[in-house]
Amino acid sequence: MNQRNLDGNSIIIRLEMTTKDIKFGEVASAISEAGGDIIAIDVISTNQDVSVRDLTVAVTDSQDNSKIIEAVRQLKGVSIVNVSDRTFLLHLGGKIEVTPKTPIHNREDLSRVYTPDVARVCSAISEEPGKAFSLTIKRNTVAVVSDGSAVLGLGNIGPRAAMPVMEGKAMLFKQFAGVDAFPICLDTQDTEEIIRTVKAISPAFGGINLEDISSPRCFEIERRLNEELDIPVFHDDQHGTAVVLYAGLINALKLVDKSIEDVKIVVCGIGAAGVACSNILLSAGAKRLIGVDREGAIIRTNTYENEVWNEYAARTNPDLETGSLREVIRDADVFIGLSRGNLLTREDVQTMADNPIVFAMANPVPEIMPALVEDIVAVMATGRSDYPNQINNVLCFPGMFRAVLDCRATEINEEMKLAAAQAIASSISDEERTRYYIIPSVFNDKVVKSMRSRVIEAAIKTGVARRVPREQPREGGES
Ligand SMILES: NC(=O)C1=CN([C@@H]2O[C@H](COP(=O)(O)OP(=O)(O)OC[C@H]3O[C@@H](n4cnc5c(N)ncnc54)[C@H](O)[C@@H]3O)[C@@H](O)[C@H]2O)C=CC1
Ligand SMILES: CC(=O)C(=O)O
Ligand SMILES: [Mg+2]
C-alpha cells in the first residue's frame, strides 16, 4: 500500500520562482525531504526572469503540510503565492444544491408552480394526506439527521462540524440510488427535543436516516421515532453497518471454510454500530460472540449503568470471558472493530485462531492499519475507500432507501435487513471471491438493483409495503 495515500491528503502550492536564483530540481528535493511527493506540475506563467507554477503535492499526514510549506519558504528565489488543500477546495460552499425540476419562464409558469394554482394542489393534499407522496418531494426524499455527537470516530464535534459528513451522505444517496437526501444537523443533543424535531419536520420526507448520534441515546431516539412515525426511520450507523458487515462476513467465512455458528467473534466498541452488528450476527446464528468496550469484556455477571449493555450481556459471552481486548481476542476467529483507531496490535492478532478475519471498521483510522497484519490474516477489511474490502454502510443505505421509498414501506424490519445483506454478499460469485474481494465496490451498480428487489420482496412478504412498485425504479421515485 502506498504510504502517501494513508490520509488521502494533497495540497496545491502556487509558487513564484526567480529563475536566476533557483532551479526547479532544488524545489523538488526540498519538498521530497520534507515528506511530500510531487504528483503534478502546472506551469501558470513563465518569462525570462520568473516562473509561476502550481505543484500538487501528496502528503503522508496533514502535519506534514506545514513542514513542506516551511521547507519551500526557506529556499532563496522562491515565494509562495498560495496554498490550497484539494479536499477543502472541494468543500467550498458545500457539496450539494437544490435544483428546480421545471424552469419558470413566464407568469403562467409562475402561477402554476406557485400561487394561485399551487393552492389547488395544497387543497388536494389537505383532503387526502396520502397524496403528499405523489404531489411533493416526499416520495423521493430522505432527511439525513444528526446531532453531531458521534461523527465518524471523531466523537462529539457538534452539528456544524457534522455537516460535511451529512452533505457527503446526501451526495451518495443521489449518485448511487437517485434518492434526494437533505442534511439536517440539529443544535440539540437532548433525546426528547431530537424526537420532537424530527417528528415536526417529517411531513416533507419519505424516510429518516439518523446518522452519527451517539449511543445509548440513539437506541431510544430510533425506537420512539419508529413507533411514532409512519415512514421508515433507520439509524445507519447501526443497521446500515450491520447489513454490510454481515454481507462481508458471509463471504469471508466461505473463504476460510468456517461457519458462523462455530466461530468465536470479538466485537470491539459496543456503541451504536457494535450493538447492531452483534444483533445481526446473533440473528444469523452466531453463538460465541463477545463484546468488549473500554472497561473490557461485557459480561452478564456485571451490572452496567447503560441498560443496553445489560441486555447485550444477557445474549452474548456464553463462556463468561473476562478481561481486556488483549485477553479475549486470544483464539478468536473474527475481530470486528467499531471503536476507534489504532487500538489493536500485531501481537494481539498473532494470538487469534488460524486464518483470522480482521474487520477494523473505525473511521477514519481503523483499529489496526492493514499493512501491519496483512501477512498474518486470512481476510482484512476496513471502512475506508482506499483499501480493498471496504465494509462501509455506503453499500447499504442508498439501495435500502431506494427500496423503501419505492414500495412506500412503513418501516425497515429484520427480514429486510437480512435480505439486503444477502443481496450484497451474493453479488460476488464463488469464482470471483478472494481475500481481497469479499465485498462489492460501491461503484458496482448491480448492488443497488439487486438490493432494491430483494428488500421490496421482504417488505411485501412482511406486510410493511404500502404499494407494489414496478420492476425498475423510475427516475425521481415512484408516483
Ligand atoms: N465502516 C462503517 O461503515 C462504520 C464505521 N463506524 C465507525 O465505528 C466507530 C464507532 O461508531 P459508533 O458506533 O457510531 O459510535 P459510538 O460512540 O456509538 O460507539 C463507540 C464505542 O466504542 C467504544 N470505545 C471507544 N474507545 C474504545 C476502546 N479503547 N476500547 C474499546 N471500546 C472503545 C466507546 O465506549 C463506544 O461504546 C467509529 O469509528 C465509526 O467511524 C460506524 C458506523 C459505520
Ligand atoms: C461510515 C459511517 O457512517 C461512520 O463511520 O460513522
Ligand atoms: Mg456514521
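Everything numeric here is computed off the predicted structure, so don't read it as measured data. When a ligand or atom number is given, it counts from 1 through the structure's own listing order. Here, residue 1 is the first one in the sequence, and each next residue gets the next number.
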State whether Asp319 and Lys264 are salt-bridged, where the test is any N-O pair (Lys NZ or Arg NE/NH1/NH2 against Asp/Glu carboxylate O) under 4.0 Å.
no

Between Arg384 and Asn389, is the side chain to side chain donor-acceptor pair (under 3.5 Å) condition met? List the steps.
CA-CA 8 Å; Arg384 295 168 57 125; Asn389 296 335; over 6 Å; no

Per-atom filter on ligand 2: closer than 4.0 angstrom to a heavy atom of Asn393 are 1 (C), 2 (C), 3 (O)

Pairing of Lys254 and Asp257 as salt bridge, 4.0 angstrom limit
no

Taking 4.0 Å as the limit for heavy-atom contacts, which would you say applies to Met361 with ligand 2: side chain only, backbone only, both, or neither?
neither

Pair Glu211 + Lys169: basic N to acidic O under 4.0 Å
yes

Numbered in order shown, the ligand 2 atoms found under 4.0 Å of a heavy atom of Leu152 are 4 (C), 5 (O), 6 (O)

Check this for me, if you would: do Asp147 and Arg217 make a salt bridge, where the nitrogen-to-carboxylate-oxygen distance has to be below 4.0 angstrom?
yes

Identify which protein N/O/S atoms are less than 2.8 Å from the Mg ion (ligand 3).
Glu211 OE2, Asp212 OD1, Asp237 OD1

Does Glu228 come within less than 4.0 Å of Lys199, counting only side-chain N to carboxylate O?
yes

Residue-level breakdown please: for Thr241 versus ligand 2, do any non-hydrogen atoms fall below 4.0 Å on the side chain, on the backbone, on both, or on neither?
neither

In plain terms, say whether Glu192 and Arg196 are close enough for a salt bridge, that is, a side-chain N and a carboxylate O under 4.0 Å apart.
no

Taking the side chain as every heavy atom from C-beta outward, state whether Pro388 and Tyr437 have any atom pair closer than 4.5 Å.
no

Does ligand 2 come near enough to Asn392 that some N or O of the ligand is less than 3.5 Å from an N or O of the residue?
no

Where is the nearest protein heavy atom to atom 5 (O) of ligand 2: which residue, which atom, and how far?
Asn363 ND2, 2.8 Å

Thinking salt bridges, do Arg467 and Asp406 make one under a 4.0 Å N-O criterion?
no

Considering only heavy atoms, does Val151 approach ligand 2 within less than 4.0 Å through its side chain, its backbone, both, or neither?
neither

With a cut-off of 4.0 Å, which atoms of ligand 2 are near a heavy atom of Asp237?
2 (C), 3 (O), 4 (C), 6 (O)

Do the side chains of Arg454 and Glu457 get close enough for a salt bridge, i.e. N-O under 4.0 angstrom?
no

Under 4.0 Å to a heavy atom of Glu211 - the qualifying atoms of ligand 2, by number
3 (O)

Pairing of Arg223 and Glu227 as salt bridge, 4.0 angstrom limit
yes

Distance (rounded to the nearest 0.5 Å) between His235 NE2 and Phe219 CZ
8.0 Å

Where does Asp212 meet ligand 2, judged by heavy-atom distances below 4.0 Å: at the side chain, the backbone, both, or neither?
side chain

Leu253 vs Ile260 side-chain heavy atoms within contact, under 4.5 Å
yes

Short N-O contact, Asp230 and Arg466, less than 4.0 angstrom
yes

Chain-and-number sorted residues having a heavy-atom contact under 4.0 Å with ligand 1 are Ala150, Leu152, Gly153, Ser215, Asp237, Thr241, Cys268, Gly269, Ile270, Gly271, Ala272, Ala273, Asp293, Arg294, Leu338, Ser339, Arg340, Leu343, Met361, Ala362, Asn363, Gly383, Ile391, Asn392, Asn393

